[in-house]
Colleague: 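Take this structure first; my questions come after.
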There are 2 protein chains.
Amino acid sequence: MADAGGPATIKAFEERLLEVSESLPKRLRQCADYVAANKDRIAVSTVAEMAEGAGVQPSAFMRFCQIMGFSGFSEMQRLFRETFVGGWPDYSTRLHHLREKAEDSPTALLAEFVEAGRASLESLLKTVDPHHLEAAVATLSKANMIHIIGLRRSFPVASYMSYAFEKMDVPAMLHSAVGRLDNRNAIRDGDVVLAITFSPYSVETIELVEAVSARGIPVVALTDTVVSPLRKFDAITLSVSEVDFGAFRSLSATLCLAITLSVAVGTARSG
Amino acid sequence: MADAGGPATIKAFEERLLEVSESLPKRLRQCADYVAANKDRIAVSTVAEMAEGAGVQPSAFMRFCQIMGFSGFSEMQRLFRETFVGGWPDYSTRLHHLREKAEDSPTALLAEFVEAGRASLESLLKTVDPHHLEAAVATLSKANMIHIIGLRRSFPVASYMSYAFEKMDVPAMLHSAVGRLDNRNAIRDGDVVLAITFSPYSVETIELVEAVSARGIPVVALTDTVVSPLRKFDAITLSVSEVDFGAFRSLSATLCLAITLSVAVGTARSG
DNA sequence: TATAAAATGGAATTTATAGTCCATTATGGT
DNA sequence: ACCATAATGGACTATAAATTCCATTTTATA
């Protein structure tokens, strides 16, 4: 018990957390992880709440506090309560502050993108047609193989879905057009193409869709507006209007739709 | 007690406070004044502490809470505590219902992910340390070449940043570890490594960081919590706590930070 | 595989805190 | 100046939360 008082600052707390978290049994590690990801909650929660969040018993959480060097939860909580008096206003005031006060600092920029992302997410629920979404899920669920194509700015979305499908044992293939290779011969009857493209639309993607569409292969499209060139082919279209800030588009809403599709298809298949 | 439930938002709370404070006896007015000046303390204080701060008896403060329309102090405090944590309530239980939701209707699932994304974005503003962000931008701006590494679930983020940098003429290279190739020899003095990894952390990424860190190459890390293994090397760490659905992570917040970094670095270079 | 040690879950206990009540003091009107 | 009414302070009680303890399960070791 050389450690009379636990960490006295948040920084010391984090160091101790890191140092300790290497060698921790299962439950206590859960505590460490949850705490690391939710430091702000400590100040305003009860042990019971923290324990539930971490998925452990209150007593386990207590033990964790002691390992961190505190006498108990209360003492740990005190550290966080004290350091954050004078602390944080709510989201909107904070945002306002950042925008005005810290003009053209990276943090102000972050605030702008966060706001753009939020706006995009909000409009997502409005722009996505539930029937189209259901149709897309149904089509993808029946596919023997899902061929994902998305290049340039859409590539992150395509690779994301590819990863998600793999994790859920949904047969999917990412067409990356590396070295101008064009694997369209891999696409066979019973397969489905999932095309992702946003303005300015990659010709490769459009060409691929055109080709397979002519062969009667179903196409599900993730695109932006109603004027997307993919509309011409009878694809099931899900449109996302992303609020962009400057020339750059944060893909918040698009990825949100992507994960939804992935999970929906994954469960539909296994169910 | 015509007023069954008190104010439900901070805004409503402020309005009620203003409306009420006109006609208040001495002690209760003290409460009102103190609360107005110390709203943030409500979440982390006891009645006794608040009363002392306002210079009144606890019982007087209790009466004040009731006049504000709450049943007591606890109810008033709950309002502040909830708005603090932004209320992404126990996801462990939500996760259980995720499958049912997915089968139920994809739209419900979408709503769930939208909500998760919004919560993640809000907390992003809290978790990102402005100083670290500035340091990261400064370091990346001075790099001769930015080496981006991010595998598996982090790969979409890595490829996104790679694309963004390219568009802004920032010299950057995406290390994809295709075919187990390891291009670490391409990393030279004056370069900077941008590592992106989330739990469970890819060993390849950690190994790379370890290797270059030993050579004195600066590392900027995008990771999740403070217990990330990247902390051990002295990297400039930006942590994003994203809501996880089991193996699935909606990358809304992460991408938001990614685009911010990209644009900030891009402008810093050209400016 | 048997045994000891560590970790865990849950109930019991203790402590702290919110909330109530009433006697006392201040205030405003006649 | 007196009375009626409202406001206040402080002690008391109920409640909810933190903490501890121990029986049970799990894990590591010989």
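So you know, we letter chains A, B, ... as the sequences are listed, proteins then strands, and number each from 1. Only heavy atoms go into these numbers, but all of them, side chains included; no hydrogens, no water, no symmetry mates.
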Colleague: May I have the distance from Phe61(B) (atom CZ) to dT8(D) (atom P), rounded to whole angstrom?
Modeller: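 Phe61(B) atom CZ is separated from dT8(D) atom P by 14 Å.
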Colleague: So, Glu14(A) and Lys11(A), do they make that salt bridge, N to O below 4.0 Å?
Modeller: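 No.
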Colleague: When the ring centroid of Phe13(A) is compared with that of Phe80(A), is the distance short of 6.0 Å?
Modeller: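 Under 6.0 Å, so yes.
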Colleague: Round to a whole Å and report the spacing from CZ of Arg27(A) to P of dT26(D).
Modeller: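 Computing the Arg27(A):CZ to dT26(D):P distance gives 10 Å.
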Colleague: Does the pair Glu210(B)/Lys232(B) count as a salt bridge with the N-to-O cut at 4.0 Å?
Modeller: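 Judged by the 4.0 Å cut-off on N to carboxylate O distance, Glu210(B) and Lys232(B) do not form a salt bridge.
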Colleague: What do you reckon, are the aromatic ring centroids of Phe64(B) and Phe61(B) less than 6.0 Å apart?
Modeller: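 Ring centroids of Phe64(B) and Phe61(B) are less than 6.0 Å from each other.
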Colleague: Can you tell me the distance, in whole Å, between the NZ atom of Lys26(A) and the C1' atom of dA6(C)?
Modeller: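 So the NZ-C1' distance, Lys26(A) to dA6(C), works out to 15 Å.
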Colleague: Starting from C1' on dA11(D), measure out to CE on Met62(B) and report it in whole angstrom.
Modeller: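 From Met62(B) CE to dA11(D) C1': 15 Å.
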Colleague: Nearest to the side chain of Val47(B), which nucleotide is it out of dG9(C), dA18(D), dA18(C)?
Modeller: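 Out of dG9(C), dA18(D), dA18(C), the nucleotide with an atom closest to Val47(B)'s side chain is dA18(C).
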Colleague: Between Glu49(A) and Arg41(A), is the salt bridge (charged side-chain N to carboxylate O under 4.0 Å, His left out) condition met? List the steps.
Modeller: CA-CA 9 Å; Glu49(A) 284 164 351; Arg41(A) 290 199 163 190; over 6 Å; no
Colleague: Is there side-chain contact between Met50(A) and Val35(A), with at least one heavy-atom pair below 4.5 Å?
Modeller: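 Yes - at least one pair of side-chain heavy atoms lies under 4.5 Å apart.
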Colleague: Is there a donor in the side chain of Ser252(A) and an acceptor in the side chain of Ser252(B), or the other way round, less than 3.5 Å apart?
Modeller: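 The criterion, which ignores hydrogens and geometry beyond distance, is not satisfied for Ser252(B) and Ser252(A).
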Colleague: Using a cut-off of 4.0 Å on non-hydrogen atoms, how would the nucleic acid contact of Ser74(B) be classed: base, sugar-phosphate, or nothing?
Modeller: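 Result for Ser74(B) = sugar-phosphate.
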Colleague: If I take atom CZ in residue Phe73(B) and atom P in nucleotide dA18(C), what distance separates them, rounded to the nearest angstrom?
Modeller: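 Nearest whole value for this atom pair: 6 Å.
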Colleague: Take the C1' atoms of the five end pairs on each side of the helix from dT1(C)-dA30(D) to dT30(C)-dA1(D), get both axes, and report the angle to 10 degrees.
Modeller: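 The helix from dT1(C)-dA30(D) to dT30(C)-dA1(D) shows an end-to-end axis angle of 30°.
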Colleague: Which is more 5' along DNA chain D, the nucleotide nearest Pro25(B) or the one nearest Gln57(B)? Just name the residue.
Modeller: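 Its nearest nucleotide lies further toward 5', so the answer is Pro25(B).
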Colleague: Ile67(A) CD1 to dT8(C) P: how many Å, rounded?
Modeller: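 It works out to 9 Å between those atoms.
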Colleague: Would you indicate what Gln66(A) reaches in the nucleic acid, counting non-hydrogen atoms under 4.0 angstrom: base, sugar-phosphate, or nothing?
Modeller: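 Sugar-phosphate contact only - Gln66(A) comes under 4.0 Å of backbone atoms but never of a base.
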Colleague: Identify which nucleotide among dC21(D), dT8(D), dT17(C) has an atom closest to any side-chain atom of Thr46(B), counting heavy atoms from C-beta outward.
Modeller: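 Among dC21(D), dT8(D), dT17(C), the one nearest the side chain of Thr46(B) is dT17(C).
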Colleague: Round to a whole Å and report the spacing from CG of Leu28(B) to C1' of dA26(C).
Modeller: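 It is 14 Å, rounded to the nearest whole Å.
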Colleague: Rounded to whole angstroms, how far apart are CD on Glu75(B) and C1' on dA18(C)?
Modeller: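 About 13 Å, once rounded to whole Å.
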